[in-house]
J.: 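Sharing a structure with you now.
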Amino acid sequence: TPDGLHLQKVLAGGADRGAESALVELCPHLLRDGRADSFRPQIVVFTNADEEKACVDGEDFDEYLERIGEYFAGMDVSQIAIINKDDIYGDSLERLVEDTGAQVLTYGVNSKDADVHAEKVKSSIWETEILVRTPVGRLEIIVPLIGEFNVSNVLAAVAVGLARGIKLVNIVAGIEAVDVIPGRSELVE
């Protein structure tokens, strides 16, 4: 994540070119040094708390978790939190956000009580089929990606689409338009 000024410059440049939204990854260690202080996203997605990543970044895992909690506790009613309930810290973050008045939408591969969850997952070496239940209906998504982490990412994308008010048919079309990501799960001959 660039510093706050550079981030705003990049976002403004995208807006000048017609972009209506942007995806920005904020790692907790970047919150520590204030690089995201001027950035208030409409939608914030929590995918997971990664102890290994915290250690690579050279910080104590408890401080890492505290920083994530502070960020979500600082949300307001104009924001939407999308939280992975499969993560061990998902429930506590959900409670923190509920206290702020921000809207909360949860997702999970294994958490059947999540707002967006996988009812059925069928994987082959080529693709993954996911039957997804949402608060507004069910949908089936087929992606050329494999692995539970990709199923989780698809569910997060569905939740973001719902938070933005996108119709289910358009959410499916957008996600299914994703092709194999170069360097990841590619067939090598």
J.: Contact between Thr100 and Gln79 at the side-chain level, heavy atoms closer than 4.5 Å - yes or no?
T.: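 The answer is no; the side chains never approach within 4.5 Å.
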J.: What's the spacing between Leu145 CG and Asn153 CG if we round to 0.5 Å?
T.: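 It is 8.5 Å, given to the nearest 0.5 Å.
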J.: Quick check: closest heavy atoms across Ala156 and Val45, and the distance to 0.1 Å?
T.: CB-CG1, 4.3 Å
J.: Looking at every non-hydrogen atom in both residues, tell me the closest pair between Ile166 and Ile171 and how far apart they are.
T.: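 That would be O-CD1, 3.5 Å.
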J.: Output, in order, the C-alpha distance, side-chain angles, deciding distance and verdict of side-chain contact (heavy atoms from CB on, under 4.5 Å) for Thr128 and Val154.
T.: CA-CA 10 Å; Thr128 302; Val154 165; over 6 Å; no
J.: Which atom pairs, one a donor and one an acceptor, fall under 3.5 Å between side chains of residues 114-121 and the rest of the protein, sequence neighbours left out?
T.:
| residue | atom | partner | partner atom | Å |
| --- | --- | --- | --- | --- |
| Asp115 | OD2 | Thr106 | N | 2.8 |
| Asp115 | OD2 | Thr106 | OG1 | 3.2 |
| His117 | ND1 | Lys112 | O | 3.4 |
| His117 | ND1 | Ala114 | O | 3.1 |
| Glu119 | OE1 | Arg138 | NE | 3.0 |
| Glu119 | OE1 | Arg138 | NH2 | 2.8 |
| Glu119 | OE2 | Arg133 | NE | 2.5 |
| Glu119 | OE2 | Arg133 | NH2 | 2.8 |

J.: Write down the atom of Phe46, the atom of Phe72, and the distance for their closest heavy-atom approach.
T.: CB-CZ, 3.5 Å
J.: Can you check whether Leu168 reaches Leu162 side chain to side chain, under 4.5 Å on heavy atoms?
T.: yes
J.: Determine whether Val143 and Val178 satisfy the following criterion, side-chain contact (heavy atoms from CB on, under 4.5 Å), listing intermediate values before the conclusion.
T.: CA-CA 7 Å; Val143 292; Val178 172; 5.8 Å; no
J.: I need the minimum non-hydrogen distance between Tyr89 and Ala49, along with the two atoms involved.
T.: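 Heavy atoms only, the tightest pair is CD1-CB, 3.6 Å.
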J.: Do you know the tightest heavy-atom contact between Ile43 and Ala163?
T.: CD1-CB, 3.8 Å
J.: Supply the atom-to-atom distance Glu129 CD to Ser124 OG, rounded to the nearest 0.5 angstrom.
T.: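 Output value for this atom pair is 7.5 Å.
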J.: How long is the gap from CE on Met75 to CD1 on Ile80, to the nearest 0.5 Å?
T.: 8.0 Å
J.: To the nearest 0.5 angstrom, please state how far the CD1 atom of Ile130 sits from the CD1 atom of Ile175.
T.: 8.0 Å
J.: With sequence neighbours left out, write down each residue that passes salt bridge (Lys or Arg N to Asp or Glu O under 4.0 Å) with Asp16, or none if nothing qualifies.
T.: none
J.: Answer yes or no: does atom CD of Gln8 have more than 12 heavy-atom neighbours from other residues, nucleotides or ligands under 6.0 Å?
T.: yes
J.: Between Gly108 and Leu155, which heavy-atom pair has the shortest distance, and what is it?
T.: O-CD1, 3.3 Å
J.: I'd like to know if the side chain of Asn84 and the backbone of Thr47 have a donor-acceptor N/O pair within less than 3.5 Å.
T.: yes
J.: Rounded at 0.5 Å granularity, tell me how far CG in Leu131 sits from CD1 in Ile141.
T.: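 The CG atom of Leu131 sits 9.5 Å away from the CD1 atom of Ile141.
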J.: I'd like to know if the side chain of Asp86 and the backbone of Ser111 have a donor-acceptor N/O pair within less than 3.5 Å.
T.: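 Side chain of Asp86 to backbone of Ser111: a pair is present.
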J.: Go through the steps for Val44 and Ile83 under the test side-chain contact (heavy atoms from CB on, under 4.5 Å), then give the verdict.
T.: CA-CA 8 Å; Val44 180; Ile83 298 173; over 6 Å; no
J.: Evaluate side-chain contact (heavy atoms from CB on, under 4.5 Å) for Ile125 paired with Ile146, printing each intermediate quantity in order.
T.: CA-CA 7 Å; Ile125 63 170; Ile146 57 174; 5.8 Å; no
J.: Distance check, rounded to the nearest 0.5 Å: Leu105 atom CG versus Glu94 atom CD?
T.: 9.5 Å
J.: Between Glu176 and Ile142, is there a donor-acceptor pair closer than 3.5 Å when you use the side chain of the first and the backbone of the second?
T.: yes
